[in-house]
Amino acid sequence: MEMRGIRANVETYLWLLDGCFNSGSLLCAQKLHGKILKSGFDLENVLCDRIIDIYIGCGDLDGAVKVFDEMCDRSVSSWNKIINGFVVNKLSGRVLGLFWQMTAENVIPDEMTFAGVLRACGGGNVVFQYVHQIHARITYHGFGASTRVCNPLIDLYSKNGFIESAKKIFDRLCLKDSVSWVAIMSGLSQNGREVECIFLFRQMHTSGTAPTPYIFSSVLSACTKRELFEVGKQLHGLVFKVGFSSETYVCNALVTLYSRSGNFISAEQIFSTMRNRDEVSYNSLISGLAQRGSSGRALELFQKMQLDCLKPDCVTVASLLSACASVGALYMGRQLHSYAIKGGMSSDIILEGSLLDLYVKCSDIDTAHEFFLTTETENVVLWNVMLVAYGQLNNLSDSFEIFRQMQIEGMIPNQFTYPSILRTCTALGALDLGKQIHSQVIKTGFQLNVYVCSVLIDMYAKHGKLDTALGILRRLTEEDVVSWTAMIAGYVQHDMFAEALKLFEEMQNREIQSDNIGFSSAISASAGIQALNRGQQIHAQSCVCGYSDDLSVSNALASLYARCGRIEEAYLAFKKIDDKDNISWNALISGFAQSGYCEEALQVFTQMRKAAVEFDLFTFTSAVSAAANIANTKQGTQIHAMIIKTGYDSEIEVSNVLVTLYAKCGIIDDAKREFHAMAEKNEVSWNAMITGYSQHGFGIEALDFFQEMKKLGVMPNHVTFVGVLSACSHAGMVNEGLGYFDSMRKEHGLVPKPEHYVCVVDLLGRAGFLSRARKFIEDMPIKPDALVWRTLLSACIVHKNMEIGEFAAHHLLELEPQDSATYVLLSNIYAVAGKWDSRDRTRQRMKNMGVKKEPGRSWIEIKNSVHAFFVGDRLHPLADKIYEYLGDLNKQAANIGYVQDRYALLNDVEQGHKDPTVYIHSEKLAITFGLLSLSNSIPIRVIKNLRVCNDCHNWIKYVSKISNRAIVVRDAYRFHHFEGGTCSCRDYW
DNA sequence: GAAGCCTGCT
């Protein structure tokens, strides 16, 4: 044709190009392209489009782009061709740029454009923020209900953790095809919402949409993940009914289901009768077996697979590796690693991930790092796994270095990266770094991802920024149980139990199903305010949800009973736990210690040692704290020795409680030694010293420590001020105390809590400013609690002020009408003033209210047996000896100034009783018996169920001096440590 | 192939 001089026209070239396209010859196309350029037809878009098709088809993307760049007035279909060219060639990073350029040139994108762009976004290496922007364009151009565009969008959102957004898109679809259903169902399943996935399947089924094998495999895998094996079995029936029981995908999912439930008979049966077994079939059964520890059979199948003409592929090895990682089978994992190297698959991107994960999960970080260095850099998963590894080692600087380096190498952090690094920041208290990463999270559009949010909430909540944490939770658009639980737990960690329970309730009102950890946190919150009933109700709920055998929930229940002082129930709950861990034991020890049953706590500690359960940080802190509370120096120092042996003395929490132990026992030199030996101190350490000094009446020293603490820049907290204010009380420094109280708010931004008001009332009351104390209470911005009134009442008794005492007692009785001690105190005030009518009226009122005065009892332990005494008790076998020695003691005490305070309880009739020994209080008897029975080196320890009375208190001071013995009395309200004629309470209780 | 929430110390 050319030789005859006939010029080819556009049609001719089009035909020629078609031929070229069919033959797939790049060379031919290039020649033709040259001719077209020469002929000047290169301005014809229809030819250019065809040339682009051919170049892309032949893999010459650069050639295609060159043609594309030269074109003018490019149509949307030309843009689509080039976009898809990049997508197919996995150069998705450049697609977004093309898309923005296209919109800048006012070319209107169509469905095909968006489908391509979304595919590009799914390929990783795209900042997720852009997906939101593209979504906005999709809506703007009217494709918000198009399955072709929305199916990949659903997939993209759910893969990045935005399941709520995915659901919204799904709901707006006019026509849902089977791909839409699979996308949303597998999305739900991937985001931990397996139950909804199953629910949606039912909805789909009833709506008449026929399920496909893909849909079955998706819903079955949801059942497997949730361990809803019964539902899975029912679905198996349906599979049979609709005739999919030979479909490979369905059978694979069934094999996984049965093998995870441990039903290997069914699993193997399905497997062996399958028509077409593929690699996945083998992989499912192999990984099921390996996860259950049947590695022998797993390896057997691994061999057999090859006889079935299926080569174990990367996924086979990867699934075996993941099973190894989850059961910690490092040795088998290493063997698989060599297999992978021999089989030439060790550089597979997925396998690299599983290998690294194996080493990290098995805590072999050195090998992990070594392996990491041998891999190529562009696999973001490997970077993420390394972040987890350094997090495990509590190594913030290396973690951050990885985080920084990965970005230098062009990796974009994703929704896995942020939780890992942020968790490390949380654990190591690097709040500033955490905040910086938080701003990066916002910049890159992950601020609504539930995994990221849950860690952010946890980070802020754990470090006391509860408002910030709550803000994040409130802005979260997804319903996420973990984020809610993190917030609830944060409240619990900061003693804000009411807030925790309120939030838990709100979560349930929103029908967010709590998980085991949510339930256990809510039970802990109930325990924090001794709300036994509430805690029991929550426990019942958790049982309904299937958590009756869950360890966290069971531990929380034991802790609830223990912290509510229900010894028997706590032991019962503890015994019911099948696989007790240290937390179960610790729950009893710390719970008993917190509810004041410190002897029981120490007994549990001893049992724990006999049971050869390993102690941890929590065990030691709780046990020492129990010993400290009852000033049990002997057992306290024994535990200290064990702490040194096990190396826990380097832990700051342990040192803090040791300082407390010695301070509370009054061995202030040892407390100081522990304190100064600490490599690192926090505010708790300082508080322990300040409180210790203060409790032992060393007000000035306590305040010196407080000044020193401030000078060193350690931030005082609420507890510091309890110590400081009571130090001022002891030292009689009223004005200084009031000044410190003001400074809480003004200088330290601390809002005074009820206990601080109590301290100020104590400060004023002890100094005798009773009217000022009353005025102070009346002006309080919060409602005075019982302790405030009880403090005022005690001050009135010491200062013998009947009027204000009466006032205080009435308020106290309004709050606690069943507290017999208050009636007794009030009647004592009247007795002191000789107002016998008022006293009798009080006693009558007490009777009318149905309040019974508990009979006073005291206990003392002598050589592993407990001796109990009532008032005027003569039932003890050694009663005669005890009364004889008591008489001696009374004489000696009188010689050095003891005068019996006969007004403490008795009216004139009672005082005239023939035998005054009838009224001898039980603590006197117990102490006398202790002095008779115990060697000089052992302090006398007596427990009393009521408050110790004024007379006994005075008597014990004298006796401690005469006998030169330490006497420790724990009464209903506090603990008194008598030595050398004085008491640690400084006559004020 | 990778990620989050749960017991303790003043």
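Sequence lines set the chain letters: A, B, ... in the order given, protein chains first and strands last, and positions in each chain run from 1.
Side-chain to base pairing of A:Asn384 with B:dG1: no donor and acceptor N or O lie closer than 3.5 Å to each other. A donor-acceptor contact under 3.5 Å is not formed by the side chain of A:Thr621 with the base of B:dC9. One can find a donor-acceptor pair under 3.5 Å joining the base of B:dG4 and the side-chain atoms of A:Ser454.
At the heavy-atom level, A:Asn586 lies under 4.0 Å from base atoms of the strands shown. Across all strands shown, A:Asn682 has no heavy atoms under 4.0 Å from either base or sugar-phosphate atoms. In this structure, A:Ser322 reaches neither bases nor backbone, as no heavy-atom distance under 4.0 Å exists between it and the strands shown. A:Ser552 comes within 4.0 angstrom of a base, heavy atoms only. A:Val450 comes within contact range of at least one nucleobase, with a heavy-atom separation under 4.0 Å. As judged by a 4.0 angstrom heavy-atom cut-off over every strand, A:Asn516 is placed among residues making no nucleic acid contact. At the heavy-atom level, A:Ile488 lies nowhere under 4.0 Å from the strands shown. Residue contacts shown for A:Asp616 are absent, as no nucleic acid heavy atom lies under 4.0 Å away. A:Val455 comes within 4.0 angstrom of the backbone, heavy atoms only, and of no base.
For the pair A:Asn582 CG and B:dG8 C1', the interatomic distance rounds to 12 Å; values are reported in whole Å. For the pair A:Tyr662 OH and B:dC9 P, the computed distance is 18 Å after rounding to whole Å. Summarising the geometry, the separation between CE on A:Met487 and P on B:dG4 is reported as 20 Å, rounded to the nearest angstrom. Separating the CD1 atom of A:Ile402 from the P atom of B:dA2 is a distance of 18 Å, rounded to the nearest angstrom. In this structure, A:Phe620 places its CZ atom 20 Å from P of B:dT7, rounding to the nearest Å. As a whole-Å value, the separation of A:Leu658 CG from B:dT10 P is 11 Å. Rounded to whole angstrom, the span from the CZ atom of A:Phe446 across to the P atom of B:dA3 amounts to 16 Å. Remark: C1' of B:dT10 and CG of A:Asn629 are 11 Å apart, rounded to the nearest angstrom.
Counting heavy atoms from C-beta on, the side chains of A:Leu336 and A:Cys324 come closer than 4.5 Å. With a 4.5 Å cut-off on side-chain heavy atoms, A:Ser542 and A:Asn516 do not count as touching.
Checking B:dG4, B:dC5, B:dG1 against the side-chain heavy atoms of A:Asp480 singles out B:dG4 as nearest. Among the nucleotides B:dA3, B:dG4, B:dG1, the one closest to the side chain of A:Phe416 is B:dA3. Of the candidate nucleotides B:dG8, B:dA3, B:dC6, B:dG8 has the atom lying nearest to any side-chain atom of A:Glu653. Proximity note for A:Thr485 (side chain, C-beta onward) versus B:dT10, B:dC5, B:dG8: the nearest is B:dC5. For A:Val719, whose side chain is taken as the heavy atoms from C-beta onward, the closest listed nucleotide among B:dC6, B:dA2, B:dT10 is B:dT10. Of the candidates B:dT7, B:dT10, B:dC5, B:dT10 carries the atom nearest the A:Thr691 side chain, counting heavy atoms from C-beta on. If you check B:dA2, B:dG4, B:dC6 against the side chain of A:Ala489, the one that comes closest is B:dC6. You'll find that the side chain of A:Ile517 is closest to B:dC6, out of B:dG1, B:dC6, B:dA2. When distances run from any side-chain atom of A:Val482 to the nucleotides B:dG4, B:dA3, B:dT10, the shortest one goes to B:dG4. If you check B:dG8, B:dA2, B:dT10 against the side chain of A:Gln594, the one that comes closest is B:dG8.
Outside the 6.0 Å centre-distance limit, the rings of A:Trp383 and A:Phe403 are not counted as a close aromatic pair. Between A:Phe618 and A:Tyr648, the distance from one ring center to the other does not fall under 6.0 angstrom.
Between the CE atom in A:Met459 and the NE2 atom in A:His438 there is a gap of 7.0 Å [rounded to 0.5 Å].
The shortest distance between the side-chain N/O atoms of A:Ser420 and the OP1/OP2 oxygens of B:dG4 is not below 4.0 Å. Proximity of A:Arg563 to the phosphate of B:dT7: no side-chain N or O atom is located under 4.0 Å from OP1 or OP2. OP1 or OP2 of B:dT7 sits under 4.0 Å from a side-chain N or O of A:Gln493. Using a 4.0 Å cut-off, some side-chain N or O of A:Lys462 falls inside it from OP1 or OP2 of B:dC6. The phosphate of B:dA2 has neither OP1 nor OP2 within less than 4.0 Å of any side-chain N or O from A:Gln415.
You cannot call A:Phe618 stacked on the base of B:dG8; the centres under 5.5 Å and planes under 30° rule is not satisfied.
The aromatic rings of A:His337 and A:Tyr359 lie tilted to each other, with the angle between the two planes from 30° to 60°.
Salt bridge absent: A:Lys753 and A:Asp495 never bring a charged side-chain N and a carboxylate O closer than 4.0 Å.
Between A:Asp581 and A:Ser584, the side chains place a donor N or O and an acceptor N or O closer than 3.5 Å (distance only, hydrogens not considered).
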